[in-house]
Amino acid sequence: MAAARALVAALAVFLVVVSVQASKYSREANEGLPDAKRRETGEFRVVRLNQIWEKAQRLHLSAVKLAELHSDLKIQEKDELSWKKLKAEGLDEDGEKEAKLRRNLNVIMTKYGMNGKKDSHLTDTNYIKDGTESDTLDDPRLEKLWSKAKTSGKFSDEELDKLWREFKHHKEKIREYNILLETVSRTEDIHKNVINPSEENLVKEEVLHNKHRELKDKLRSINQGFERLRKVSHQGYDATSEFEEPRVIDLWDMAKSANFTEKELESFREELKHFEAKIEKHHHYQKQLEISHEKLKHIEGTGDKEHLNRNREKYAMLEEKTKELGYKVKKHLQDLSSRISQGLQHNEL
């Protein structure tokens, strides 16, 4: 009898240990693993993002595109982990933030050709060659403006490179808008097919309303961007222009339309200068990464192991630095865009 009781007690302890371990592993899977364990289990602390990253390794993406994807997934990881904390505190009852996360992930999947559709855009990024002759802008209005600008004689070669970056940035904005529009349209179709109205469906209507506000913000940015491209293409660059990076120019144009005081706008201008310097540094490392990748491919064919190992180390260092800077740029852009969006919404109230 005593032996039986001892066996039951031992079994109870065993079950408690198993239960604690299972809870621990579940919590780590949801909240994130420490850095050392993450290196063993995957690149990211969210299982789904690890699966996407592993799939990307098998695709024929350039070194720069892979680094960009890594930065996008790190931002997604940060947002998902923040959302899980909010959800645990009951602060996303309407599901708006969860819906935005799904939407953002869909944009990432489509942007890098992992949504099952082939996309020629993935071959665009190459920092070694110019590529302006072979790339297309996928919009007759943009193609016409670019053709006029190239033959106008108003731009130096350096200014044409700068203008081309602005055109490509505008093309990307249109593309992301179309991805978001398609996502919203699919959600609305599902919503319209629901016959019985309920509290849950009222919540979904609120989520759709927020999606439309996001679409409206993006469309406003696209229209302002096109007007700027039209003006620059016809008149050339203004010598007093404050910014050169397309994303910074966009932010500054939007900021001037937002509900900022003079002091806030001046502070924002200074922050944009720091942001532009950060982007330029990121561009520098992207170029170095691309050059290093091309050199590594060449050395692999020579059979010089010592030379190969040295270049692999340099490539790995450049890859990590490019990922790190990419994440910082995207996070800073996210923060700046959020502040402007709040200012614009205040104007509409």
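Residue numbers start at 1 and run along the sequence shown.
Between Phe226 and His170, the ring planes lie tilted relative to each other; the angle falls in the 30° to 60° range. In this structure, Phe243 and Trp252 have perpendicular ring planes: the angle between them is above 60°, well past the 30° mark. The aromatic rings of Tyr237 and Phe155 lie perpendicular to each other, with more than 60° between the two planes, well past the 30° mark.
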Under the side-chain contact (heavy atoms from CB on, under 4.5 Å) rule, what do Glu227 and Gln224 come out as? Steps first, then yes or no, please.
-> CA-CA 5 Å; Glu227 282 306 307; Gln224 285 185 348; 5.8 Å; no

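For Glu245 (side chain) and Arg247 (main-chain N/O), a donor-acceptor pair under 3.5 Å exists by modelled atom type. A donor-acceptor pair under 3.5 Å is formed between the side chain of Lys173 and the backbone N or O of Ser221. Between the side chain of Asn311 and the backbone N or O of His307 there is at least one donor-acceptor pair closer than 3.5 Å. Looking only at distances, no side-chain donor or acceptor of Glu68 sits under 3.5 Å from a matching main-chain atom of Gly326.
Shown here are the side-chain contact (heavy atoms from CB on, under 4.5 Å) partners of Arg312, two or more places apart in sequence or in another chain: Leu296, Glu300, Leu308, Asn309. Taking His234 as the reference, nothing meets the side chain to side chain donor-acceptor pair (under 3.5 Å) condition, with sequence neighbours excluded. For His282, the ring-ring contact (aromatic ring centres under 6.0 Å, His included) test picks out no residue, with sequence neighbours left out.
Checking Glu271 against His332 by side-chain atom types alone, a donor-acceptor pair falls below 3.5 Å.
A side chain to side chain contact (heavy atoms under 4.5 Å, CB included) with Leu318 is found for one member of Glu313, Gln288, Glu290, Gln286 and no other, namely Gln288.
Residues Ala56 and Leu69 share a closest heavy-atom pair of CB-CD2, 3.2 Å. Across all non-hydrogen atoms, the minimal contact from Ile179 to Asn106 is CG2-ND2, 3.8 Å.
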